[in-house]
Amino acid sequence: MTSIIPAPDLLEDATAKLTCYPAKPKDLRQIALPLARVPNWQQKAIEKFAELLRKYKSLQVYMDICARCGACADKCQFFLGTGDPNNMPVARAELMRSVYRRYFTPEGRMFGAAVDAYDFDEAMLQKWYTYFYQCSECRRCSVFCPYGVDTAEITMAAREIMASIGVATKYVTEVVAKVYQLGNNLGIPPPAWIDNCQFLEEELKAQTGKDIRLPVDEQGAQVLLVAPSADNFANTNTMMAYGILFHALGVSWTTSTYCNEGGNFGLFLDFQNLKKVNQRIVDAARQLKVKQIIWGECGHAWRAGILTDTLNGPLDFLEVPHPVHICQYTAAMLKRGAFKLDKTANDDVRVTYHDPCNPARAGQLLEEPREILRASCNHFVEMRPDTIRERTYCCGAGGGLLTDEIMPIRMAGGKPRAEACRATGANVMATPCAICKAQLPEVMKHWKVDCEISGVHDLLVKAMVL
Ligand code: SF4
Ligand code: SF4
């Protein structure tokens, strides 16, 4: 097995010097956050911290309960990849706990640094900005914590506090602003979305000889599909696969130009934007009078999606009144024998499966993608048991880290995933996540692993007998 000790070149580069670019006022305005650091920012931040402690009892518990046992220390891909001790989950969380002690515990107020309690000053804010944006909110560390501390939730709280005082990253805020302006993370305007769908319909005709539709804004369809917008633009095989799937099933479906995005970068920023972005999906379903919402191949979209009832009210206006992931839907159809597959169509493929963090650790989606791959491919191989299912490694770019200015961090964080893949000898790694599909080809290239990245449904429809 290849070592996951970080390469020296990355050790040198992947340090605290690398931070995400700061947010631009035009995007902050669009998403109702302060346009610049607010006056009295320390006081405001501590007030926000107090508010979150009142609101989320789990956060209070995570601040108090850590025994510093170190069981999480070597479980984070960003620590494994960079060797930077601040990327140990316990050390990352300690940045917040030290501020908690200083302002919210009697001993911290009295004894300060003597009990590891520190002011929320400029230097501390810079550490928060660096290291809470070198955490992909993947929750891997929480699987190994004997007390159940969820460092991802700590990261979310820290980002929420920073956002409230006008400190956020360009990438995350830009994406959320694009959703409000144009309905999707990539900023694809409605006419371009429609054009892309028409182009892909022509491509489907050329490939299959059949009239397979990618419908847009169709009132009264059975299904509203909220796929990642990247599927319309970059992962077009996956987009075409959705079309083939619904065509084979004879199910009417549509995408929406008001909300053609399952991804929710509000999850990586603050609660108000998480809720507002998700609301667009519900509004689109109501406008189009569909009977069911299905989330496409996107990891964090599903993490936000399963919260829809809680965040945005009951989905009881739908015939299927709960969120459904496309892999759940397809696996259920497979069990019913709804389509015929010829696995030999994938005999050129030795495929492994990458569990995206959010479906695996926050979305209860472990079996269905595997069922689809086993039904579609003769040569399916799992990665090492300590690197799959709920123990999966992050691709290295989740949580709002898919941005080029921190490329060395991304490549370092992706190394454990790349090495686990290399050990299988697979030539294709399937994954139902647009961020993983954007990040993993770079990771494989960087670590010289000869493996292509594919969607799960891409392989399904390759085996489908139409
Ligand atoms: S495993 Fe849990 S208790 Fe142990 S150091 Fe990490 S967060 Fe703290
Ligand atoms: S949530 Fe993931 S990225 Fe963040 S500290 Fe834990 S293992 Fe690392």
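The chain is numbered in sequence order, starting from 1. Remember, it's 1-based here, ligands and their atoms both numbered in the order they're listed.
Protein heavy atom closest to atom 4 (Fe) of ligand 1, with residue, atom name and distance, is C69 SG, 2.3 Å. Atom 6 (Fe) of ligand 1 has C72 SG, 2.4 Å as its closest protein atom, hydrogens excluded (heavy atom only). The single protein non-hydrogen atom nearest to atom 2 (Fe) of ligand 1 is C145 SG, 2.2 Å, given as residue, atom name and distance. For atom 8 (Fe) of ligand 1, the nearest protein heavy atom (residue, atom name, distance) is C66 SG, 2.4 Å.
Between F268 and H300, the ring center distance clears the sub-6.0 Å criterion. A distance of 6.0 Å or more separates the ring centres of F233 and W193. For H325 and W302, the ring centers sit closer than 6.0 Å to each other.
Per-residue contacts place Y147 under 4.0 angstrom from the following atoms of ligand 1 (heavy atoms of the residue considered): 3 (S). Atoms of ligand 1 found under 4.0 Å from any heavy atom of A71 (numbered from 1 in listed order, with element): 1 (S). Those atoms of ligand 1 that come under 4.0 Å of a heavy atom in P146, given as number and element, are 1 (S). Close approach to R68 involves these atoms of ligand 1, each under 4.0 Å from a residue heavy atom: 5 (S), 8 (Fe). Set against the non-hydrogen atoms of V90, the atoms of ligand 1 under 4.0 Å away are 5 (S). Close contacts between ligand 2 and R139 involve ligand atoms 1 (S), 2 (Fe) [criterion: under 4.0 Å to a heavy atom].
Panel note: side chain T387, backbone R384; a donor-acceptor pair is recorded below 3.5 Å.
Salt bridge annotation for E51-K44: absent, with no cationic side-chain nitrogen under 4.0 angstrom from a carboxylate oxygen. With salt bridges taken as basic N to acidic carboxylate O contacts below 4.0 Å, none links R410 and E405. Ion pairing of D119 with R102 is present here, as a side-chain N (NZ or NE/NH1/NH2) and a carboxylate O approach within less than 4.0 Å.
A perpendicular orientation is assigned to the rings of Y171 and F265, their planes being inclined by more than 60° (bins at 30° and 60°). Ring geometry for Y100 against F104 counts as parallel: the plane angle stays under 30°, on a 0 to 90° scale with 60° as the upper cut.
D458 and T238 are linked by a side-chain donor-acceptor pair at a separation below 3.5 angstrom, with hydrogens and angles left out of the test.
Looking only at protein N/O/S atoms, the ones less than 2.8 Å from atom 8 (Fe) of ligand 2 make 1 in total.
The residue among I154, I65, V149, D150 with a heavy atom at the shortest distance from atom 7 (S) of ligand 1 is V149.
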For ring pair (Phe, Tyr, Trp, His ring centres under 6.0 Å), just list the numbers for F78 and Y131, CA-CA rounded to whole Å, side-chain angles, deciding distance to a tenth of an Å, and then say yes or no.
-> CA-CA 10 Å; F78 295 101; Y131 290 106; over 10 Å; no
